Amino acid sequence: MLIKIFSEKGNDRMKIKMSDGSVREADFAKEPGRSAFRHTTAHILAQAVKRLYPNTKCAIGPSIADGFYYDFDFDFRFSEENFAEIEAEMKKIVKENLQLKHFTADRDKAMKALEERNETYKIELLKELPKDAQISFYQQGEYLELCAGPHVAYTSAIKAFKLLSVAGAYWRGNENNKMLTRIYGTSFPSEELLTEYLNRLEEAKKRDHRKLGKELGLFALFEEGPGFPFFLPKGMLLKNLLIDYWRKLHAREGYVEISTPVMLNRHLWETSGHWEHYMDKMYTTSIDGADFAIKPMSCPGGMLVYKMEPRSYRDFPMRISELGLIHRNEKSGTLHGLMRVRCCTQDDAHIFMTPEQIQDEIKRVARLIDEVYSDFGFQYHVELSTRPKNSIGSDEDWELATNGLKSALDDLNLPYVINEGDGAFYGPKIDFHLEDSLKRTWQCGTIQLDFQLPQRFDAEYTGEDGKKHRPIMIHRVVFGSIERFIGILIEHFAGKFPLWLSPVQIKILPISDKFLDYANKLENDLKSEGLRCEVDKRSEKIGCKIRTAQLEKIPYMLIIGEKEANADNVSVRKLDAGDLGSMSIKQLLEVLRGEGI
């Protein structure tokens, strides 16, 4: 499929020419135009690399969420210092206005073409295709690529691009294979859009939760525990504030909270299906000669709690929540601060219900997720993920579950897109992707409708007809994991948390040791009002104390000296707002309560 893109002046609307000759309007921000645009840029990168370093072998180069990458096998030590000459060559290729020509060849001809170019990685991919397959190629100038497309029609469509970083990547993601060099980049239909994106990247670096988490004393990462974050005192304050908020909402919504063990035996995980379908993510051990697994999720333990006693339709909907400590065997190369860890606290919940209650419960959970994201100022979009290849259960159950989720979203008038084949192995799901202040999206909340687990655990309830029935089960999370949500919040707010969420809300800054007694009294008075505050007792000048409090992102600073001590008031400074003037403690409390504390 060839896609011809014509950028219209003043915006990024495009006309897309399909392989059948049809032309339709499209937006760069939507598919398939965006992927075709960036996939073509990856080809331009590969062509430039082959021109400059002919002995280089090409692997794969797909488009990704914010750009593209290409994996290469260089015969020299490659670094970002090589970017300038590669980008210059890429600009030449764009200026040459090369047409991307699509053609197919039988397997023998395809193999010969790749062998002539000594493209061993692509030959490996080709060998896995059926012998009678027609192999898809794209060619631009002298560069030939084994590829299914789609692409823009001419290289001149790629108006603006930038190579961003270099990383190591095992061929085909297998640690036993050779480490290749992965070059990341991005591209846009205008320099303005590229500049805007690069500015967001710079801002993202400043907001990096790993950097801010260390500076603000929230959490630590040690070599002794890769993927296992340590929460420091202020980080624990933040974590517990989120948990308190979560618990209040769930108590209001009729949830009861449980806690299930971190480690359970193999039989449980075989019954749930995790031993077969999720084994590569699980940590296992042996106890008294029997196999055990540390839980990667809490649902099987929740099933045991459900089955402890007979259940009736009168008990439904039964809403059971759990802040479950889970462990997952993530690859070391994927670990990233709090965003991707091996141990986290998942804000799980399981709802048991009758078939008639499905719609109302899904809508109730969706409204709860909407409330939480709104409280933190997030926009979001919704995806409906359908049956994956690696799944359990009947076609009928999957159809009923998927239709149940669709109907609930339609009733709520929530726009959504279908994410084919990305459901859990036991059921379809609704995923909530929130958007932060830098317009990045994060998948956090999820609602999964499950017909399988109650069946596998032989869970029952007595219906209104007096007969035994199988309950329907919803798995759902709101934060996703507490740790990851904290990481997102740090970057979203750049460490400047709302007053109610700040580990330290007020810093009291005496201008000298002479006023420490008044500062300590003030601290006690404010703490008795439920406020979190500290006194800066250092023998430093007041300017230094103010700068420190600002670096610590403290929302309010109270400066006290002779004038304030004699008048029994404070001089108030607010982060990013500056001097608010002198106030009595009563006036200060009114200001703070106006911010919702």
Side-chain angles (χ1 to χ4, degrees), residues 30-31 246 248-256 299 302 313-321 347-388 391 393-435 441-455 459 461 463-464 469-480:
K30 298 177 182 178
E31 299 299 353
W246 183 91
K248 287 176 184 177
L249 284 181
H250 283 72
R252 185 197 73 190
E253 292 295 312
Y255 288 81
V256 294
C299 33
Y313 75 95
R314 297 180 187 276
D315 300 323
F316 291 168
M318 181 182 294
R319 307 184 186 104
I320 302 175
S321 65
D347 65 314
D348 218 341
H350 301 101
I351 305 170
F352 298 91
M353 73 207 90
T354 67
E356 295 76 22
Q357 294 170 328
I358 290 175
Q359 299 295 319
D360 287 343
E361 285 305 301
I362 292 173
K363 289 189 283 187
R364 188 183 187 104
V365 173
R367 291 190 187 102
L368 175 63
I369 293 174
D370 176 79
E371 177 181 351
V372 170
Y373 292 173
S374 297
D375 284 349
F376 290 96
F378 289 120
Q379 301 291 322
Y380 64 87
H381 72 268
V382 177
E383 292 183 1
L384 174 60
S385 298
T386 58
R387 186 177 189 173
S391 63
S394 68
D395 293 343
E396 292 78 13
D397 283 349
W398 273 89
E399 183 177 0
L400 183 59
T402 304
N403 289 338
L405 296 179
K406 285 181 178 178
S407 297
L409 291 172
D410 291 338
D411 286 351
L412 288 168
N413 292 319
L414 265 179
Y416 63 92
V417 296
I418 301 292
N419 192 0
E420 293 288 354
D422 201 41
F425 70 85
Y426 49 77
K429 59 179 181 171
I430 298 171
D431 289 326
F432 292 78
H433 298 258
L434 59 82
E435 181 181 292
T441 57
W442 308 91
Q443 194 274 306
C444 291
T446 187
I447 306 172
Q448 301 172 358
L449 190 56
D450 186 0
F451 288 73
Q452 309 308 322
L453 219 57
Q455 181 174 324
Y461 70 94
E464 195 171 1
H469 298 271
R470 193 79 68 201
I472 310 300
M473 184 180 185
I474 285 177
H475 309 249
R476 46 109 293 196
V477 293
V478 179
F479 293 145

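These figures come from a predicted structure and were not determined experimentally. In this chain, numbering begins with 1 at the start of the sequence shown.
Looking only at side-chain heavy atoms (C-beta outward), Thr386 and Asn419 stay at 4.5 Å or farther from each other. Between Val417 and Leu384, the closest side-chain pair of non-hydrogen atoms is not below 4.5 Å. Residues His350 and Leu453 have side chains not in contact (no heavy-atom distance under 4.5 Å, counting atoms from C-beta outward). Tyr380 has its side chain within reach of Leu414: a pair of non-hydrogen atoms, C-beta onward, lies under 4.5 Å apart. Looking at heavy atoms from C-beta onward, Val382 lies in side-chain contact with Leu409 at the 4.5 angstrom threshold. Counting only heavy atoms from C-beta outward, the side chains of His475 and Ile351 never approach each other to under 4.5 Å. Within the 4.5 Å cutoff, the side chain of Ile320 has no heavy atoms near those of the Tyr255 side chain. Counting heavy atoms from C-beta on, the side chains of Ile362 and Ile430 come closer than 4.5 Å.
Considering all non-hydrogen atoms of both residues, Gln359 and Ala408 come closest at OE1-N, 3.1 Å. In terms of heavy atoms, Pro428 sits closest to Trp398 at N-CZ3, 3.3 Å. The minimum heavy-atom distance linking Met353 with Pro317 is given by the pair CB-CB, 4.5 Å.
Here Thr441 contributes atom OG1 and Phe378 contributes atom CZ; the two are 12.0 Å apart, rounded to the nearest 0.5 Å. The NE2 atom of His381 lies 9.5 Å from the CG atom of Leu434; values are rounded to the nearest 0.5 Å.
Not a single donor-acceptor pair under 3.5 Å links the side chain of Ser407 to the backbone N or O of Gly404. For the pair Tyr416 (side chain) and Asp410 (backbone), a donor-acceptor distance under 3.5 Å is absent. Arg470 places a side-chain N or O within 3.5 Å of a backbone atom of Ala459 that can act as its donor or acceptor partner.
A salt bridge links Glu253 to Arg364: one of the charged nitrogens lies within less than 4.0 Å of a carboxylate oxygen. Using a 4.0 Å cut-off between charged side-chain N and carboxylate O, Arg314 and Glu464 make no salt bridge.
With sequence neighbours excluded, the residues satisfying side chain to side chain contact (heavy atoms under 4.5 Å, CB included) with Gln443 are Asp431, His433, Thr446.
Screening Leu449, Val365, Ile369 for a side chain to side chain contact (heavy atoms under 4.5 Å, CB included) involving Arg476 leaves a single residue, Val365. When each of Tyr461, Tyr313, Phe352, Phe316 is paired with His469, the ring-ring contact (aromatic ring centres under 6.0 Å, His included) condition holds for Tyr461 and for no other.
No more than 12 heavy atoms of other residues, nucleotides or ligands shown are found within 6.0 angstrom of CD on Glu399.
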